[in-house]
Amino acid sequence: MMTDNGQAMQQYFGKRKLVMWSITLIIVGIYVVTALFVNYDSTSVFTTVPKGVTWLLANFVPTSKSMATIPAIIIAMIGTVGMSVSASLIGAVFALFAAIVGSAVTGIYKPLQVATRIFASFFRNIPLVAWAMILLFSFKQNDLTGFLALFFTSFGYLTRAFMETIEDTAGPAIEALKATGASYWQIVFRGVVPMAATSLMSWLLYMVENNVRDATLVGMLTGTGIGFLFDYYYKSFDYDVVGIVILVTVVVVVALEMISNKVRRLIM
Amino acid sequence: MDEKITLSKQMLVIRATQSSRNPGVMKRPFSKSRFATQAAFAVMGGITLVYMVTMNTGNVNLVKAVAAFLTNIKFMFLQPTINSDLPKLLVAVAVTVSLAILTTIMGALIAFFTGLLGARNLSTKRRSNTIRMVMAAIRAVPTILWVLIFAINSQLGATAAIIGLNFHSIAYLTKAYSEEFEAINPGTLEALRSTGASYWQIVFQAVLPSVIPTLLSWTFIRLEINFANAIAVGAAAGAGGIGYNLYLDGTYYFDFHAVGTIVYMLLVVILVFEFISMRLRTHYLQKN
């Protein structure tokens, strides 16, 4: 009995070892092939990173000239935060309606549910950069283009999130509300939405945090906000100002994260 | 795109806490939770209102712009061009996919060890706090800025892109991994420690086998994010790949049809990634 067990165990561990080794080999293989393909020298990491960090510390030090740009940077940052909050909130309003129409528990017409899901997935899966490019064609370089790009991806993402939230939190309650003779709109706006409200708010806060980071990227392409300032000073080699731009971004992102964590703790 | 999907994990926790709070009680005389929700909503509504009114739309005729946008959308999605550029575009997509894969493999390997250092139950308090603070600071800087910072030193290209993308990737995966490590049953760890098992024995024999499925799903989520970031890096920093083609067609050649082709290619890659990660997840769920 003991030896049987021992053999079985040895076989089991032998097999597991074999699987582990083959998986490791496959991953190493993928790494080598892709590295050769894009011409990436793995050893360069050891020289590039220390060099980059020391360079960073030496050149991004604020000077008196860069201090003078702080007010302009803060104003640009306020614009960026405003854009992120509005894109998230307006995206959330549209997403809520889409989620009500599209979710399995509140949707009333099956083909419409499917259509809504496909519609939202289309907005979600096209990368933010692609949206920004497409919008730049017709809306040119301004705040509106960045806002719309963030709004589209927020809408797509929040629709999926809201749908799942509604299905999970409100599913059982709907039966009970139906039994009381409540109308469809009463069920949705008196039952489903208030029940899911805290979760929906949590998603929305998350979207805001994310959009602030993404707005930097969008700003580079659309020439607005903090992204534009970064791009401008970066391309004119004013690295001391670039340092300030990064510092302001870090402070704002960390502060936003702290605020939304605080709000999340309050509403949960 | 970053970190959006993280929430699905957070939501699970949130739901768990909610269900323990007696969901049957509907009467709430004064609820701090409801008040906070309404206040947060009101603040965001105020910000939105002010922003929408003061937004700089740069003298664009809105009606015309929307009409032009819809026409362009029609060109892009209904009449994408497939011409002699196709092989070149396919290579560019492959470059972007490769950048994402390389970044993810490197990031996962490093994040595994930093994740161990960051997990409270497998590390000292001081080490874990230090790791957490450093990672939070790294995550606060947008990915594209990391890439551009390293581009100054090592020229634009695969190296700058991979190193820059990795900063965020490592910080993100470290947080995800260390939270998974912390969720391990403390009894298991204690039992192993009492048998005199060494640190690495505990890690590789007990910790790793039990968290592999979740680590895998986090890594795949990050692969999807890295792909989106690799596109962005190509477009905004000119670091090559399909993002750069997208940028050229979008802002220099104004070729709506070509942009449509590229967007379709990206959609295919994203769907393939989603399919693979779904299959892997179900495979592991069946096994465990």
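To find a chain, count down the sequence lines: A is the first, B the second, and so on, and within it residues start at 1. Being a predicted model, the structure only gives us computed values, none of them experimental.
For A/V93, no part lies near chain B; criterion is any non-hydrogen pair under 4.5 Å. Looking at A/I90, only its side chain comes within 4.5 Å of chain B, counting heavy atoms on both sides. In this structure, the portion of A/L89 lying under 4.5 Å from any heavy atom of chain B is its side chain and not its backbone. Heavy atoms closer than 4.5 Å to chain B are found in the side chain of A/Y239, but not in its backbone. Both the backbone and the side chain of B/V91 come within contact range of chain A, judged by heavy atoms closer than 4.5 Å. Heavy atoms of A/Q141 lying under 4.5 Å from chain B are absent altogether. Proximity to chain A is limited to the side chain of B/V259, based on heavy atoms less than 4.5 angstrom apart. With a threshold of 4.5 angstrom between heavy atoms, B/L246 approaches chain A through its backbone and through its side chain. Contacts of B/Y247 with chain A are made by both backbone and side-chain atoms, with heavy-atom separations under 4.5 Å. With a threshold of 4.5 angstrom between heavy atoms, B/A67 does not approach chain A through any atom at all. Heavy-atom distances place both the backbone and the side chain of B/V66 under 4.5 Å from chain A. For B/L145, the parts sitting under 4.5 Å from any heavy atom of chain A are the backbone and the side chain alike. Residue B/M44 touches chain A through both its backbone and its side chain, counting heavy-atom pairs closer than 4.5 Å. Contacts of A/Y31 with chain B are made by both backbone and side-chain atoms, with heavy-atom separations under 4.5 Å.
The closest side-chain heavy-atom distance from B/L266 to A/I126 is not below 4.5 Å. For the pair A/R264 and A/L205, the minimum side-chain heavy-atom distance is below 4.5 Å. Side-chain contact between B/F273 and B/V97: present, with at least one pair of heavy atoms (C-beta onward) separated by less than 4.5 Å.
Between A/F94 and A/F151, the ring planes are perpendicular. Angles over 60° get that label, and only those under 30° would be called parallel. Classification of the A/F122-B/F77 ring pair by plane angle, with boundaries at 30° and 60°, yields perpendicular.
Annotation: A/F139 is not in aromatic contact with A/F147 [ring centroid separation under 6.0 Å not met].
Scanning all heavy atoms of the two residues, the minimum distance from A/T165 to A/S199 falls at CG2-CB, 3.4 Å. A pairwise comparison of heavy atoms in A/V254 and B/A140 identifies CG2-CB, 3.9 Å as the closest pair. For the residue pair A/L150 and A/A215, the shortest heavy atom distance occurs at CD1-CB, 4.0 Å.
Looking at A/E257 and B/K175, no side-chain N of the basic residue comes within less than 4.0 Å of a carboxylate O on the acidic one, giving no salt bridge.
When the side-chain contact (heavy atoms from CB on, under 4.5 Å) test is applied to A/L266, the partners found at least two apart in sequence or on another chain are B/K32, B/A36.
Under a 3.5 Å cut-off, the side chain of B/H168 and the backbone N or O of B/W146 do not form any donor-acceptor pair. Although no hydrogens or angles enter the test, the distance criterion places a donor-acceptor pair under 3.5 Å between the side chain of A/T222 and the main chain of A/V218.
By a heavy-atom distance cut of under 4.5 Å, A/F230 are the residues of residues 223-232 of chain A near chain B, going up by number.
Interface remark: of the candidates A/V253, A/I78, A/V129, A/V85, A/V85 forms the most heavy-atom pairs closer than 4.5 Å to chain B. Considering only heavy-atom pairs separated by less than 4.5 Å from chain B, the leading option among A/L144, A/D143, A/V53 is A/D143.
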